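Remember, it's a predicted structure, so these values are computed and weren't measured experimentally.
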Amino acid sequence: CMPVWSRRVRGVLAGERLLERIVDRLASGPHRWRNIVERAAGMLAPGERLVVYGYGRNGREAVRAACELGLAVAVIDDDPGATGKLPTTRIDDLRTDQVVLVTPEQRDGIIGRLEARGIRRILLPDAA
């Protein structure tokens with residue numbers, strides 16, 4: 001359910017994709033990542049680990065939400081040292097049936113690499 005102010009602003013910005021995304025984020029509030037991770041959880045098989053690609057601001061929020069929901073998580077990041085003690089994985093180690101939540105804003109290359117590895121269960125925040 002979209003707040004009234006958000007619907008009005010989106011009406012004015014119709015066709016301005018970047019501005020519409022900003023409004024969506026403002027309207028989604030603090031539960032945005034929890035909602036996204038809940039959607040990802042619904043895609044997971046019992047005992048399966050959610051793979052969060054990217055451990056910047058968005059990735060940290062996604063991991064926090066996953067931990068709050070009690071989900072097992074593994075992280076892929078360009079800087080493996082940034083993830084601390086979190087379990088990490090690499091694209092080369094992914095199974096084709098794994099769910100991967102891609103968190104970076106600039107993700108075209110990431111999606112291409114995942115698809116090239118046969119990963120088909122890719123979840124994007126703005127599609128959640």
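A donor-acceptor pair is defined here as one N or O able to donate and one able to accept, closer than 3.5 Å; such a pair exists between the side chain of Arg107 and the backbone of Pro104. No donor-acceptor distance shorter than 3.5 angstrom exists from the side chain of Arg49 to the backbone of Ala72, with no hydrogens or angles considered. Panel note: side chain Arg121, backbone Val100; no donor-acceptor pair is recorded below 3.5 Å. In this structure, Thr103 contributes its side chain and Gly54 its backbone to a donor-acceptor pair below 3.5 Å. A side-chain donor-acceptor contact under 3.5 Å links Gln98 to the backbone of Arg95. The backbone N or O of Asn35 lies less than 3.5 Å from no partner atom in the side chain of Glu38, so there is not a single donor-acceptor pair. Counting only distance, with no hydrogens or angles, the side chain of Arg117 and the backbone of Asp92 share a donor-acceptor pair below 3.5 Å.
Nearest heavy-atom pair, Ile122 versus Ile119, reported as atom, atom and distance to 0.1 Å: CD1-O, 3.6 Å. Here the shortest heavy-atom pairing between Val37 and Ala65 reads CG2-CB, 3.9 Å. Minimum interatomic distance between Ala66 and Leu50 (heavy atoms only, all atoms of both residues): CB-CD2, 4.4 Å.
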Test side chain to side chain contact (heavy atoms under 4.5 Å, CB included) on Ile76 and Val51 and set out the steps. CA-CA 7 Å; Ile76 297 174; Val51 176; 3.8 Å; yes
What verdict does the side chain to side chain contact (heavy atoms under 4.5 Å, CB included) test give for Val75 and Tyr53, after you've listed the backbone C-alpha separation in whole Å, the side-chain angles of each residue and the deciding distance to 0.1 Å? CA-CA 6 Å; Val75 177; Tyr53 196 113; over 6 Å; no
Kindly determine whether Val73 and Leu86 satisfy side chain to side chain contact (heavy atoms under 4.5 Å, CB included), including the steps that lead there. CA-CA 8 Å; Val73 178; Leu86 285 171; 5.8 Å; no
CA sep, side-chain torsions, deciding dist, call: Arg39, Leu123, side chain to side chain contact (heavy atoms under 4.5 Å, CB included): CA-CA 9 Å; Arg39 178 162 179 237; Leu123 185 60; 3.0 Å; yes
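Between atom CG of residue Leu101 and atom CG of residue Leu124 there is a gap of 8.5 Å, rounded to the nearest 0.5 Å.
Under the 4.5 Å side-chain criterion, counting only non-hydrogen atoms from C-beta, Arg120 is in contact with Glu115. Here the side chains of Tyr55 and Thr88 are not in contact, with every heavy-atom distance at 4.5 Å or above.
Residue pairs meeting the salt bridge (Lys or Arg N to Asp or Glu O under 4.0 Å) criterion with at least one member in residues 65-89, sequence neighbours excluded, are Arg34-Glu68.
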